[in-house]
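Working notes, structure below.
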Amino acid sequence: VTSGGHAHQPPRTLRWESGPPGQLVLIDQTRLPERFVELPVRTVDELVDALQRLAVRGAPAIGVAAGYGVLLGLSGHEDCEPSEAVARVREAAATLVKARPTAVNLAWAAQRMVRRADRLLGEGARGRAFFEALLEEAHGIASEDDAQCRKMGEVGVALLRDGVSVLTHCNAGALATGGMGTALSPIYVAAERGLRVRVFATETRPLLQGARLTSWELERSGIEVTLIPDSAAATVLQRGMVDLVLVGADRIARNGDVCNKIGTYPIALAAQRHGIPFYVVAPLSTFDPDTAEGAQIPIEERSSDEVTGFHGQRTAPDGVRAFNPAFDVTPAAMVRGIVTEEGLIAGGDEARIAALLGRQ
Ligand code: MRU
């Protein structure tokens with residue numbers, strides 16, 4: 001397997017290739033770890049399919065993908081009238097936002113592209129200049145995400161000391177972002193600084209983002225990782241095998257409730273029971289100013305086939321129904337702190353969340 005990157009450097013999840021016509025090139029995460037395959041995406045519908053199959057996934061990464069995805073709506077129409085360009089941008093954004101409901105970064109990035117298109121219309125931009133300015137906006141979302149990941153890493157590294165053990169869930173690493181990750185960024189920064197960090201990664205049933213993706217990206221970066229079944233997380237916490245929990249988030253409500261991959265809440269419960277600090281690492285683009293509390297967050301329910309079988313192989317008896325929620329909500333009171341690019345927020349500090357969101 002070739003990893004397409006330099007050892008000790010996190011992988012680059014997506015990039016834009018200039019055209020004409022331009023295309024978005026993604027690491028196809030459905031093929032990892034067996035194959036490192038890049039997937040060219042040329043239309044909005046192809047991107048919706050890639051998002052729904054989880055070829056690209058992780059809250060910040062799908063935001064970056066949506067920024068470029070909006071441009072795919074202009075593909076072949078780069079020279080159209082500005083009013084048509086804005087209509088196409090709006091349509092692409094509306095289609096992309098429906099691809100997955102939970103991670104707010106998707107809607108956040110799509111809306112940011114629409115706002116930019118509206119401003120360009122007002123400024124009289126047209127044709128190539130309109131397209132290029134919009135491409136700049138998408139590049140901006142990508143490079144800001146990259147910079148925010150590093151900042152979160154630099155803030156979060158203060159929680160780690162040499163020899164520390166961390167439990168993480170799902171994949172909140174480079175593969176989930178346009179940079180070095182959210183929950184894994186403090187770990188990458190610690191490794192850069194020569195600290196030894198040991199990571200316990202949950203498999204993350206049913207789609208195995210932990211087994212397939214987190215262990216892949218940590219291994220190739222030379223960071224020690226031990227894979228555990230999801231059901232062993234409470235035991236690892238009970239036995240004091242880890243010093244803290246670091247997870248990402250798909251959406252954070254105004255009151256600090258955290259929505260993340262299904263299985264996060266049970267880890268938070270066990271961490272609370274055993275006195276192990278539970279931290280979330282997420283950029284401000286993951287906070288939703290329109291959602292007051294976690295109960296209002298729409299939780300994606302995925303196909304029962306993902307639970308009744310794996311990789312096309314049925315594992316449950318025919319006719320058995322399954323319930324397959326993709327995310328859960330951890331109450332703010334169970335979160336010790338949220339690491340953001342603007343610093344550490346104490347769990348449930350609504351005033352600080354409001355202040356940070358007000359400044360955006
Ligand atoms: O269904 P996925 O794989 O997109 O879910 C991803 C997660 O739940 C991550 O933990 C979350 O997006 C934070 S990642 C930086």
Revision key, fill the gap. For L39 and A50 the tightest heavy-atom approach is CD2-CB, 4.2 Å

Practice item. Would you indicate whether R119, at its atom CZ, is surrounded by more than 12 heavy atoms from other residues, nucleotides or ligands within a distance under 6.0 Å? Key: yes

**Study point:** Side-chain hydrophobic cluster, 4.5 Å single linkage: members besides F310
**Key:** L208

Exercise for review: Hey, could you give me the CG/CG distance between L47 and L24, rounded to the nearest 0.5 Å?
Suggested key: 6.0 Å

Point to revise | Within one Ile-Leu-Val-Met-Phe-Trp-Tyr cluster: V247 and Y265, side-chain cutoff 4.5 Å | key: no

Check your understanding: Does the distance from a Lys or Arg side-chain N to an Asp or Glu carboxylate O, for E341 and K151, drop under 4.0 Å?
Key -> no

Check your understanding: So which heavy atom on P21 is nearest to which on S75, and how close?
Key -> CB-OG, 3.5 Å

Exercise for review: Give a yes or no on whether the backbone of A282 and the side-chain of T286 come within a donor-acceptor separation of less than 3.5 Å.
Suggested key: no

Point to revise | Pairwise distance OG(S83) to CG(L121) - rounded to 0.5 angstrom | key: 7.0 Å

Check your understanding: Backbone N or O of V48 within a donor-acceptor pair of the T95 side chain at under 3.5 Å?
Key -> no

Check your understanding: Under the ring-ring contact (aromatic ring centres under 6.0 Å, His included) test, which residues partner Y68, sequence neighbours left out?
Key -> W16, H139

Practice item. Flag the pair I297 / F327 as yes when at least one side-chain heavy-atom distance between them is below 4.5 Å, and no otherwise. Key: no

Check your understanding: Quick one: CD on Q296 to CZ on R251, what's the gap to the nearest 0.5 Å?
Key -> 10.0 Å

**Study point:** Check: E224 main-chain N/O paired with R198 side-chain donor or acceptor under 3.5 Å
**Key:** no

Point to revise | For V44 against G73, the heavy-atom pair lying closest together | key: CG2-N, 3.5 Å

Exercise for review: Evaluate the side-chain proximity of E306 to L207: yes if any heavy-atom separation is below 4.5 Å, no if none is.
Suggested key: yes

Check your understanding: Are any non-hydrogen side-chain atoms of T214 and L175 less than 4.5 angstrom apart?
Key -> no

Point to revise | Worked check of salt bridge (charged side-chain N to carboxylate O under 4.0 Å, His left out) between R12 and E38 | key: CA-CA 11 Å; R12 278 243 148 250; E38 289 198 317; over 6 Å; no

Check your understanding: Quick one: are V41 and Q23 in side-chain contact, heavy atoms under 4.5 Å?
Key -> no

Point to revise | Intermediate values then yes/no, salt bridge (charged side-chain N to carboxylate O under 4.0 Å, His left out), R150 and D146 | key: CA-CA 7 Å; R150 175 156 287 280; D146 187 15; over 6 Å; no

Review point. So does E91 have more than 12 non-hydrogen atoms from other groups sitting under 6.0 Å from CD?
Key: no

Exercise for review: For T168 and T202, run side-chain contact (heavy atoms from CB on, under 4.5 Å): C-alpha distance rounded to whole Å, both residues' side-chain angles, the deciding distance at 0.1 Å, then the answer.
Suggested key: CA-CA 7 Å; T168 191; T202 55; over 6 Å; no

Practice item. Please test N260 against V280 for side-chain contact (heavy atoms from CB on, under 4.5 Å), starting from the C-alpha separation and ending with a verdict. Key: CA-CA 9 Å; N260 190 47; V280 174; over 6 Å; no

Check your understanding: Should I345 and V329 be regarded as members of a common hydrophobic cluster, given that ILVMFWY residues are connected when their side-chain heavy atoms come within less than 4.5 Å of each other, either directly or indirectly?
Key -> no

**Study point:** Working for side-chain contact (heavy atoms from CB on, under 4.5 Å), residues V64 and L14
**Key:** CA-CA 8 Å; V64 175; L14 36 77; 3.2 Å; yes

Point to revise | Sequence neighbours excluded, every pair satisfying side chain to side chain donor-acceptor pair (under 3.5 Å) that has a member inside residues 228-243 | key: R161-D243

Revision key, fill the gap. Exactly one candidate in D328, V104, T330, I299 meets side chain to side chain contact (heavy atoms under 4.5 Å, CB included) with C259; the answer is I299

Check your understanding: Is there a donor-acceptor pair closer than 3.5 Å between any side-chain N or O of T204 and the backbone N or O of C170?
Key -> yes

Practice item. Please check if any side-chain donor atom of N171 sits under 3.5 Å from a side-chain acceptor atom of Q29, or the reverse. Key: no

Review point. About how many Å separate CD1 of I267 and CD of Q272, when rounded to the nearest 0.5 Å?
Key: 14.0 Å

Point to revise | Full working for side-chain contact (heavy atoms from CB on, under 4.5 Å) between R302 and V307 | key: CA-CA 9 Å; R302 295 183 60 85; V307 181; over 6 Å; no

**Study point:** No-hydrogen, no-angle side-chain donor-acceptor test under 3.5 Å, T30 and D28
**Key:** yes

Review point. Between the side chains of N255 and E293, is a donor N or O closer than 3.5 angstrom to an acceptor N or O?
Key: no

Review point. Side chains of R100 and Q52: is there a donor and an acceptor less than 3.5 Å apart?
Key: no

Check your understanding: Taking R193 for the side chain and L195 for the main chain, is one N or O donor matched with an acceptor at less than 3.5 Å?
Key -> no

Check your understanding: Considering residues, nucleotides and ligands other than R128, do more than 12 of their heavy atoms fall under 6.0 Å from its CZ?
Key -> yes

Exercise for review: Please test R352 against E350 for salt bridge (charged side-chain N to carboxylate O under 4.0 Å, His left out), starting from the C-alpha separation and ending with a verdict.
Suggested key: CA-CA 5 Å; R352 176 109 167 96; E350 292 187 39; over 6 Å; no

Check your understanding: Is it the case that S304 and N324 place a side-chain donor and acceptor less than 3.5 Å from each other?
Key -> no

Check your understanding: Are the side chains of P11 and E217 in touch, meaning some heavy atoms are under 4.5 Å apart?
Key -> yes

Check your understanding: Can you find a heavy atom in the side chain of Y279 that is under 4.5 Å from one in the side chain of L344?
Key -> yes

Point to revise | N/O donor-acceptor pair under 3.5 Å between E78 side chain and G76 backbone | key: yes

Revision key, fill the gap. Result for side chain to side chain contact (heavy atoms under 4.5 Å, CB included) between I187 and one of V157, V164, V197 points to V197

Review point. Considering only heavy atoms from C-beta outward, does the side chain of Q111 approach that of R116 to under 4.5 Å?
Key: no

**Study point:** Within 45° cone of F130 ring axis and under 6.0 Å: R126 NZ or CZ
**Key:** no

Review point. Is the backbone of F278 close enough, under 3.5 Å, to the side chain of R336 for a donor and an acceptor to pair up by distance?
Key: no

Study note, to complete from the structure: Rounding to 0.5 Å, atoms CD1 (I276) and CG (L167) come to a distance of 9.5 Å

Revision key, fill the gap. Closest heavy-atom pair, G67 versus A109, reported as atoms and distance to 0.1 Å, is N-CB, 4.3 Å

Check your understanding: Would you say T226 and V236 make side-chain contact, with heavy atoms under 4.5 Å?
Key -> no

Practice item. Using atom types as modelled and distance alone, determine if a side-chain donor or acceptor of D257 lies under 3.5 Å from a backbone N or O of A332. Key: yes

Check your understanding: Is R220 close enough and on-axis enough to W216, meaning under 6.0 Å and within 45°, for cation-pi?
Key -> yes

Check your understanding: CG/L74 to CG/L135 distance, rounded to the nearest 0.5 angstrom?
Key -> 10.5 Å

Check your understanding: Would you find a donor on one side and an acceptor on the other, under 3.5 Å apart, between the side chain of T177 and the backbone of A61?
Key -> no

Check your understanding: At their closest point, which heavy atom of G179 faces which heavy atom of D145, and how far apart are they?
Key -> N-OD2, 4.0 Å

Review point. Is the side chain of R90 donor-acceptor paired with the backbone N or O of A93 at a distance under 3.5 Å, no angle test?
Key: no

Review point. Applying the 4.5 Å side-chain criterion to the ILVMFWY set and letting contacts propagate, would L120 and L71 be lumped into a single cluster?
Key: yes

